[in-house]
> 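Submitted below is the structure of interest, expressed as structure tokens.
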Protein chains: 2
Amino acid sequence: MIDREMALETRDRIIEAADLLFYQHGFEATSFADIASAVGISRGNFYHHFKTKDDILDSVINRRLANTEQMLDRWEVTGSDPAERIRSFIHILIVNGEKIRKFGCPVGTLSSELAKLNHAAKSDAAALFTLFRSWLRRQFDRLGFGDRSDELAMHILGRSQGVAILANAFDDDGFLHHEVDLMCAWLDDQIAGLTTTNNSIRE
Amino acid sequence: MIDREMALETRDRIIEAADLLFYQHGFEATSFADIASAVGISRGNFYHHFKTKDDILDSVINRRLANTEQMLDRWEVTGSDPAERIRSFIHILIVNGEKIRKFGCPVGTLSSELAKLNHAAKSDAAALFTLFRSWLRRQFDRLGFGDRSDELAMHILGRSQGVAILANAFDDDGFLHHEVDLMCAWLDDQIAGLTTTNNSIRE
DNA sequence: CTAGATATAGGACGATTGTCCTAATGCAGG
DNA sequence: CCTGCATTAGGACAATCGTCCTATATCTAG
């Protein structure tokens with residue numbers, strides 16, 4: 001019983017360290033030796049917890065899926081207004097601004113890397129995007145956007161990704177903040193346009 | 001004389017093959033053996049043309065810089081209208097749609113990878129972004145956007161990057177086309193708003 | 001206290017990495 | 001034809017990769 005907990009503890013520490021290293025240096029560039037020295041255990045000891053390096057990747061992705069789901073659920077409970085929840089999503093860019101400028105978005109960069117490696121776990125990484133996508137779609141749907149909810153969700157998901165890429169490439173905090181403001185303004189425009197019955201404003 | 005041309009020919013073939021492989025599989029994941037077999041030469045023969053793998057990366061980036069500059073210059077000559085030139089940029093997403101869905105944007109993915117590797121050439125890769133950024137800023141400036149030209153350039157640069165990331169993650173061609181349409185509509189709105197002296201439209 | 005399962009450390013393994021060396025080849029100018 | 005330079009092929013090199021094996025340590029159950 002107790003050793004089971006110990007084992008899980010070590011296993012979780014491995015996953016946690018691998019999660020961070022995969023984010024900071026990429027999956028391919030992170031070796032077993034790197035993870036081992038980060039956790040403080042022996043290299044050969046890995047295979048009592050994971051059969052292969054891909055198994056660690058799977059566990060890392062599952063950990064990210066669980067953490068993300070938990071975060072989104074929290075937002076769904078606390079934030080009363082769907083629009084405010086969407087704004088919470090947009091502001092991840094600012095909250096994690098320092099990390100993003102250094103290492104990019106954890107979701108986008110992993111997805112890109114796995115695509116280039118032709119890795120089997122690419123679809124699992126895409127599931128992380130789907131988590132955000134579905135959550136955003138639900139918020140837009142509650143705001144009354146109906147069939148347009150999914151494309152609106154994809155839109156700000158894409159905007160966020162682009163901001164992360166450029167903020168990382170140029171290490172530009174001002175750009176990041178400005179684009180966050182633009183995204184919030186875009187959201188307000190969408191909501192404002194929702195109550196307007198005719199299209200006279202655009203014409 | 002002639003052997004010099006031969007040598008350069010081999011050198012260029014190496015750079016060309018490395019360019020493609022770096023794009024399709026990433027810099028780190030591409031080995032000398034991969035490039036050698038792609039070019040059809042011996043592995044040890046590399047070091048008559050390049051001192052190190054990083055040297056190949058530098059040459060690949062310079063090749064991309066030159067090709068990009070050439071493409072942008074061509075657009076600057078042929079396209080009469082700055083707005084039409086910007087639309088040409090936006091439509092890269094569609095022209096290269098198949099490759100982007102498979103491997104992402106060559107500029108963005110390289111920049112992200114080099115950031116994670118803490119690679120010295122990261123700033124060189126960012127220079128590729130700067131090339132597009134300056135060109136776009138010039139087009140917006142000619143349209144009369146003045147001080148706002150740079151942020152508008154960064155905006156559609158970021159939008160393009162985000163679209164590339166998601167189109168790659170979901171392998172979604174419909175999303176790609178829809179977002180291209182949105183970007184063109186956004187451009188039209190910006191230009192339309194430019195001629196309006198007051199802000200009554202937004203109010 | 002003992003037996004057995006589990007966790008760990010440390011090293012061996014074949015393969016592959018980037019890098020370097022050397023011998024052979026091809027071709028130019030004298 | 002010969003000499004010299006540029007180009008090439010092929011392998012050696014140490015380091016590192018992911019993986020696996022085995023002996024030791026740790027801890028629980030009986």
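Values below: all heavy atoms of this structure, side chains included; hydrogens, waters and symmetry mates excluded. Letters A, B, ... are given to chains in the order of the sequence lines, protein chains preceding strands, and every chain is numbered from 1.
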> Roughly, in whole Å, what's the span from CG in B/Leu57 to P in C/dT19?
12 Å

> For nucleotides 19-21 of chain D, print each protein N/O atom paired with a nucleotide N/O atom at under 3.5 Å, atom names and distance only.
from   : atom 1 : to      : atom 2 : distance (Å)
D/dT19 : OP1    : A/Thr52 : OG1    : 2.7
D/dT19 : OP2    : A/Tyr47 : OH     : 3.0
D/dT19 : OP2    : A/Thr52 : OG1    : 3.4
D/dT19 : OP2    : A/Lys53 : N      : 2.9
D/dT19 : O5'    : A/Tyr47 : OH     : 3.2

> If you count the non-hydrogen atoms of other residues, nucleotides and ligands that lie under 6.0 Å from NZ in B/Lys102, is the total more than 12?
no

> Do the ring planes of A/Trp135 and A/Phe89 sit parallel (below 30°), tilted (30 to 60°) or perpendicular (above 60°)?
tilted

> For the pair made of NE2 in B/His49 and C1' in C/dT19, what is the distance, rounded to whole Å?
16 Å

> Using only side-chain N and O atoms of B/His48, determine if any of them is under 4.0 Å from OP1 or OP2 of C/dC20.
no

> In whole angstroms, how far is the C1' atom of C/dG26 from the CD1 atom of B/Ile41?
16 Å

> Grab the CG-C1' distance between B/Leu117 and C/dT17 for me, whole Å please.
15 Å

> How close or far is atom P of D/dG18 from atom CZ of A/Phe22, stated in whole angstroms?
9 Å

> With rounding to the nearest 0.5 Å, note down the distance linking CE in B/Met154 to CZ in B/Phe140.
12.5 Å

> Does A/Ser31 put a side-chain nitrogen or oxygen below 4.0 Å from OP1 or OP2 of D/dT16?
no

> For the residue pair A/Phe129 and B/Phe170, does the interplanar ring angle fall in the parallel (under 30°), tilted (30 to 60°) or perpendicular (over 60°) class?
tilted

> Going from CD1 on B/Ile14 to NE2 on B/His49, what distance comes out if it is rounded to the nearest 0.5 angstrom?
5.0 Å

> Calculate the interatomic distance between B/Phe46 atom CZ and C/dT17 atom P; express it in whole Å.
12 Å

> With respect to the phosphate group of C/dT8, does any side-chain polar atom (N or O) of A/Thr10 fall under 4.0 Å of OP1 or OP2?
yes

> Are any non-hydrogen side-chain atoms of A/Leu176 and A/Leu166 less than 4.5 angstrom apart?
no

> Mind calculating the distance between CD (A/Glu9) and P (C/dT6) to the nearest angstrom?
19 Å

> Quick one: B/Ile35 CD1 to C/dG18 C1', roughly how many Å, whole number?
11 Å

> Can we call the ring centroids of A/Tyr47 and A/Phe32 under 6.0 Å apart?
yes

